[in-house]
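Structure, as structure tokens:
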Amino acid sequence: MATPANILKKTSGTMKDITLEENKIPFSVKARPYLIILPALLLTIGILYPFATAIFYSFTDFSFRSIDYKFVGLKNWITMFKSADFWHACLVTAQYAIATTGTEMIAGLGMALLLVRESRYTKILRIVLIFPLMIAPVIATLIWQLMINNSVGIVEKFLNLFGVYNFPWASSASTALFTAAMIDFWVYTPFVMLLMLAGLQSLPKSPYESAKIDGGSPWFTFKTLTLPLLKPFILIALIFRLMASMQEYGIIFALTKGGPGNTLMNLSLTGYNMGFAFSNLGKAVPFLLVLWFVIYIISQKLVGAWLRGQKSAQGN
């Protein structure tokens, strides 16, 4: 007859067996969940630590000229917002981002629409058009400096055929932004084209077949089918290119180092010059933090629009 004491003994024995079995689990198995999240944890620390350090130094007068520094509170931030250089840098950043991103999105979509159909020529063009994407932006800038040289540049010689001589390019304040944007366009438009082309090739075929049967024109099909279905891919390309163009440094620095004068001094170059050329990191960090904050807000809005566009494309 089973008594409460016997049941208690059996239960205790069973619990001991379970405990012994748990103790027999290898350490590698127990540590596996922690090893899986370890890279993400290290990456998070690697991102947050420099960011927190930058915020800390923005409230100091830290300079590379001396190891000693003291807290100055909001002085660096107030000085920055009162500075004409800051507002000029914001204007240049916005102009460059709008000019490059807008033209690259339109051209990239147009090129993708031309190359979406399979043929011998489109396959060759796809390979040729991605060549600029394989070149580092600084190297591409140096190549373009040779091509637009007023003495030996092939682009200059081409313009001479139309009666245009000694075009100022990056040497003039009126055309420097155009020159930098042109190089950016040449380098990064293939990136947008590849994203758009991937999106076009993944679109369902049945809606287009129905539109063709109903007699829909190409423009009607593009406006009512292609653009709505392609919206998530358009937003992905827009997010990447807008964020990159707002913090562009390599092309502008290699082209004119922000000149002539301060014509191309965007937030990245202004922060760099103030922090390294003038060795005043405490005053330079707020410029870069403002750039980060603006990019973060815009990217959050675009990611939200991308998620809504993805749901809309799925019919939700």
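Numbers for residues simply follow the sequence, beginning at 1.
For the pair Thr122 (side chain) and Leu115 (backbone), a donor-acceptor distance under 3.5 Å is absent. Although no hydrogens or angles enter the test, the distance criterion places a donor-acceptor pair under 3.5 Å between the side chain of Asn76 and the main chain of Gly282. Of the possible donor and acceptor atoms, one in the side chain of Ser171 sits under 3.5 Å from a partner among the backbone N and O of Pro168. Listed for the Thr103 side chain is a donor-acceptor partner under 3.5 Å among the backbone atoms of Ala99. Looking only at distances, a side-chain donor or acceptor of Trp87 sits under 3.5 Å from a matching main-chain atom of Phe81. Looking only at distances, a side-chain donor or acceptor of Thr60 sits under 3.5 Å from a matching main-chain atom of Tyr57. No side-chain donor-acceptor contact under 3.5 Å links Glu104 to the backbone of Ile106. Proximity of a side-chain donor or acceptor of Ser58 to a complementary backbone N or O of Ile55 within less than 3.5 Å is detected. Under the 3.5 Å distance criterion, the side-chain polar atoms of Glu156 are left unmatched by any main-chain donor or acceptor of Met147. When atom types are taken as modelled, the side chain of Asn266 and the backbone of Val92 share no donor-acceptor pair closer than 3.5 angstrom.
Heavy atoms from other residues, nucleotides or ligands lying under 6.0 Å from CG of Leu114 number more than 12. The number of heavy atoms from other shown groups lying within 6.0 Å of CZ (Phe220) does not exceed 12. Within 6.0 Å of CZ in Phe240 there are 12 or fewer heavy atoms belonging to other residues, nucleotides or ligands. Atom CZ of Phe158 sits in a sparse spot, with 12 or fewer heavy atoms from other residues, nucleotides or ligands closer than 6.0 Å.
Interatomic distance, Asp85 CG to Met274 CE, rounded to the nearest 0.5 Å: 6.5 Å. Rounding to the nearest 0.5 Å gives a distance of 8.0 Å between CD1 of Ile295 and CG of Leu242. For the atom pair CG of Leu74 and CD1 of Ile78, the computed distance is 5.5 Å after rounding to the nearest 0.5 Å.
Using the six-membered ring where Trp is involved, Phe178 and Phe167 have ring planes that are perpendicular, over 60° apart on the 30 and 60° scheme. The aromatic rings of Phe71 and Tyr69 stand perpendicular to each other, their planes meeting at an angle above 60°, with 30° marking the opposite boundary. Ring-plane geometry between Phe253 and Tyr249 is classed as parallel, the angle between the planes falling under 30 degrees on a 0 to 90 degree scale with a further cut at 60.
Two residues are said to be in side-chain contact when any heavy atoms from C-beta on lie closer than 4.5 Å; Leu194 and Ile130 meet this criterion.
Hydrophobic clustering of Ile, Leu, Val, Met, Phe, Trp and Tyr side chains at less than 4.5 Å, counting indirect connections, unites Leu289 with Val294. By the criterion of side-chain heavy atoms lying less than 4.5 angstrom apart, applied directly or through intervening Ile, Leu, Val, Met, Phe, Trp or Tyr residues, Trp219 is grouped together with Leu229 in one hydrophobic cluster.
With 3.5 Å as the limit, one finds no donor-acceptor pair spanning the side chains of Ser279 and Ser63.
Annotation: salt bridge (charged side-chain N to carboxylate O under 4.0 Å, His left out) contacts involving residues 175-199, sequence neighbours excluded, comprise Asp184-Arg241.
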